[in-house]
Amino acid sequence: MATIKIVTDSSVQLTPEEVEKYNITVIPLSVMIDGTVYIDGKTITRPRFVELMNQSTALPKTSQPPIGEFIELFDQLGADGSQVIALHMTDAISGTVNTARQAANLSKSDVTVIDTRETDRGMAFQVLRAAQLAQSGADKETILSSLDRVRNSTKLYLAVMTLDNIVKGGRVSRVTGLISNILNMKVIFEMIDGELNVRTKGRGTKTVNNFMRDLIADLASKPNIKSIGISHVAANDVMEKFRADIHAALPNVPLLIHDTSPIIATYAGMGAFAIMYYTED
């Protein structure tokens, strides 16, 4: 039966139940650690990746799926006449979306590729909206228009405890990296149009705690928070405190806290976390 099918990549933060309920296809990215290639979500789990990353002699190397895998997937999904909408992480982090675009041009299927300008749960907000609308029978134009609204109302903040990985990986400028030499420097980035920009920085965890306190207070004052996600790199104890604080301030807002993907963990580094939310009028 022809319909609209939704594809995303494994940097997304979705629960297995969401993937199954909304029939979302997740194409896995890969990561190489000390010469061994692992497939995200298939040959390595997120907790195991963190263990291996800590033991590795060099920064892990991440890569997007080969163009041939994209073409094969798009052809398969569209073989029954279905349209495909593929939503991928911002091209500032990965070349995945550009590979998907090349594959879409070569596929026999009708494929629309979207740069979400987000990643992780911030990207999931768009993926879920697209999948929900597709299940309800909405046409492609309606879905794309709705995605614009979700994207424009999404906020992503990334707290980095050490800048070593994010600088080595080239995801922020070398000038920004100079502050990594300052003892115990913590940095909060904000995703703005797909790019990570420094929001605030300071010594010690007080910087992060103050930012989160102010952010949660601000969220509590907004009447239209639709959903919140927090993803992290081996920061379980800290996340439990934030979970309690958010539930106390916004008891009726859905909150998902989970390990981030190997792709994001590679560049964010140990102890990092991102908080993402979107609003809806």
Side-chain angles (χ1 to χ4, degrees), residues 4-15 18-19 22-29 40-41 62-65 67 69-70 73-74 77 83-105 110-135 138 140-158 171 189-197 225-231 254 256 258 260-268 273-280:
I4 295 178
K5 298 177 180 178
I6 305 302
V7 174
T8 190
D9 62 70
S10 64
S11 76
V12 76
Q13 188 68 278
L14 291 169
T15 67
E18 289 170 338
V19 171
Y22 296 111
N23 194 29
I24 299 166
T25 299
V26 181
I27 188 166
L29 286 78
D40 184 14
T62 63
S63 61
Q64 61 265 27
I67 189 171
E69 288 187 17
F70 268 115
L73 175 62
F74 291 159
L77 292 175
Q83 295 175 306
V84 178
I85 298 178
L87 301 100
H88 296 289
M89 78 175 101
T90 173
D91 65 1
I93 295 177
S94 169
T96 302
V97 68
N98 294 321
T99 301
R101 284 172 174 151
Q102 295 173 39
N105 289 331
D110 178 356
V111 182
T112 300
V113 177
I114 302 296
D115 184 342
T116 65
R117 311 305 290 161
E118 297 286 341
T119 190
D120 207 278
R121 192 64 177 177
M123 181 164 77
F125 297 149
Q126 293 179 53
V127 173
L128 288 169
R129 175 61 59 84
Q132 290 162 356
L133 288 173
Q135 277 198 353
K140 183 171 71 173
E141 288 70 26
T142 299
I143 294 173
L144 297 182
S145 177
S146 184
L147 293 182
D148 287 340
R149 292 194 295 274
V150 174
R151 184 182 311 113
N152 291 335
S153 68
T154 296
K155 288 288 189 180
L156 183 155
Y157 299 100
L158 171 65
R171 266 49 184 185
F189 294 93
E190 180 178 2
M191 186 79 84
I192 300 175
D193 192 26
E195 301 276 354
L196 288 172
N197 294 267
I225 303 295
K226 183 70 173 177
S227 184
I228 300 172
I230 300 182
S231 296
L256 176 68
H258 209 280
T260 194
S261 71
I263 282 68
I264 305 304
T266 293
Y267 299 110
F273 70 90
I275 180 166
M276 298 142 281
Y277 69 91
Y278 79 104
T279 58
E280 194 167 75

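Computed from a predicted structure; not experimentally measured.
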**Complete:** side-chain hydrogen bond (donor to acceptor under 3.5 Å, both in side chains) filter on Ser153, not counting sequence neighbours, yields none
**Request:** Check for a donor-acceptor pair, side chain of Thr266 on one end and backbone N or O of Pro262 on the other, with a separation under 3.5 Å.
**Result:** yes
**Item:** Distance in Å, Asp120 CG paired with Ile264 CD1, rounded so as to fall on 0.5 Å steps
**Value:** 6.0 Å
**Request:** Using a 4.5 Å cut-off on heavy atoms from C-beta on, say whether the side chain of Leu14 contacts that of Tyr22.
**Result:** no
**Prompt:** Roughly how far apart are Ile228 CD1 and Ile230 CD1, rounded to 0.5 Å?
**Reply:** 7.5 Å
**Gap separating the CD1 atom of Ile85 from the CD1 atom of Ile143, nearest 0.5 angstrom** = 4.0 Å
**Request:** May I ask you to test the Phe70-Thr99 pair for a side-chain heavy-atom distance under 4.5 Å?
**Result:** yes
**Message:** Donor-acceptor pair, distance only, cut-off 3.5 Å: does the side chain of Thr15 make one with the backbone of Glu18?
**Reply:** yes
**Message:** Do Leu147 and Leu87 have side chains that approach each other closer than 4.5 Å (heavy atoms only, starting at C-beta)?
**Reply:** yes
**Prompt:** Are a donor atom and an acceptor atom from the side chains of Ser10 and Ser261 found within less than 3.5 Å of each other?
**Reply:** no
**Request:** Would you please name every residue forming a side-chain hydrogen bond (donor to acceptor under 3.5 Å, both in side chains) with Gln126, sequence neighbours left out?
**Result:** Arg151
**Message:** Counting neighbours of CG on Asp148 that are heavy atoms of other residues, nucleotides or ligands and sit closer than 6.0 Å, is the number greater than 12?
**Reply:** yes
**Item:** Check against side chain to side chain contact (heavy atoms under 4.5 Å, CB included), Ile114 and Leu144
**Value:** CA-CA 9 Å; Ile114 302 296; Leu144 297 182; 3.8 Å; yes
**Asked** Is there side-chain contact between Gln83 and Thr112, with at least one heavy-atom pair below 4.5 Å?
**Response** no
**Asked** Ser231 and Gln13: side-chain donor and acceptor closer than 3.5 Å?
**Response** yes
**Prompt:** Within the side chain of Thr279, is there an N or O that forms a donor-acceptor pair under 3.5 Å with the backbone of Ile225?
**Reply:** no
**Parallel, tilted or perpendicular: ring planes of Phe125 versus Tyr278, cut at 30 and 60 degrees** = tilted
**Item:** side chain to side chain contact (heavy atoms under 4.5 Å, CB included) between Lys155 and Glu190, intermediate numbers included
**Value:** CA-CA 8 Å; Lys155 288 288 189 180; Glu190 180 178 2; 3.1 Å; yes
**Prompt:** Within the side chain of Asp115, is there an N or O that forms a donor-acceptor pair under 3.5 Å with the backbone of Arg117?
**Reply:** yes
**Asked** Taking all non-hydrogen atoms of both residues, which atom of Ser145 and which atom of Arg149 are closest, and how far apart?
**Response** OG-NH1, 3.3 Å
**Message:** Which heavy atom of Pro65 sits nearest to which heavy atom of Pro28, and what is that distance?
**Reply:** CG-O, 3.3 Å
**Prompt:** Roughly how far apart are Met191 CE and Thr154 OG1, rounded to 0.5 Å?
**Reply:** 11.0 Å
**Message:** Applying side chain to side chain contact (heavy atoms under 4.5 Å, CB included) to Leu133 and Ser146, what does each step give before you reach the verdict?
**Reply:** CA-CA 9 Å; Leu133 288 173; Ser146 184; 3.5 Å; yes
**Item:** Euclidean distance, Ser63 OG relative to Ile263 CD1, rounded to 0.5 Å
**Value:** 8.0 Å
**Request:** Would you indicate whether the side-chain heavy atoms of Thr25 and Phe74 approach each other to under 4.5 Å?
**Result:** no
**Asked** Distance-only, no hydrogens or angles: does the Asp9 side chain make a donor-acceptor pair with backbone N or O of Leu29 under 3.5 Å?
**Response** no
**Request:** Identify the two heavy atoms, one from Ile6 and one from Ala131, that lie closest to each other, and give their separation to 0.1 Å.
**Result:** CG1-CA, 3.7 Å
**Asked** How far does CD of Glu195 sit from OG1 of Thr90, to the nearest 0.5 angstrom?
**Response** 6.0 Å
**Asked** Would a 4.5 Å heavy-atom cut-off, applied to side chains only, mark Lys140 and Ile4 as touching?
**Response** yes
**Request:** Work out which heavy atom in Gly229 is nearest to a heavy atom in Arg121; give both atom names and the distance.
**Result:** CA-CG, 3.8 Å
**Item:** Any donor-acceptor N/O pair, Lys226 side chain to Glu280 backbone, under 3.5 Å
**Value:** no
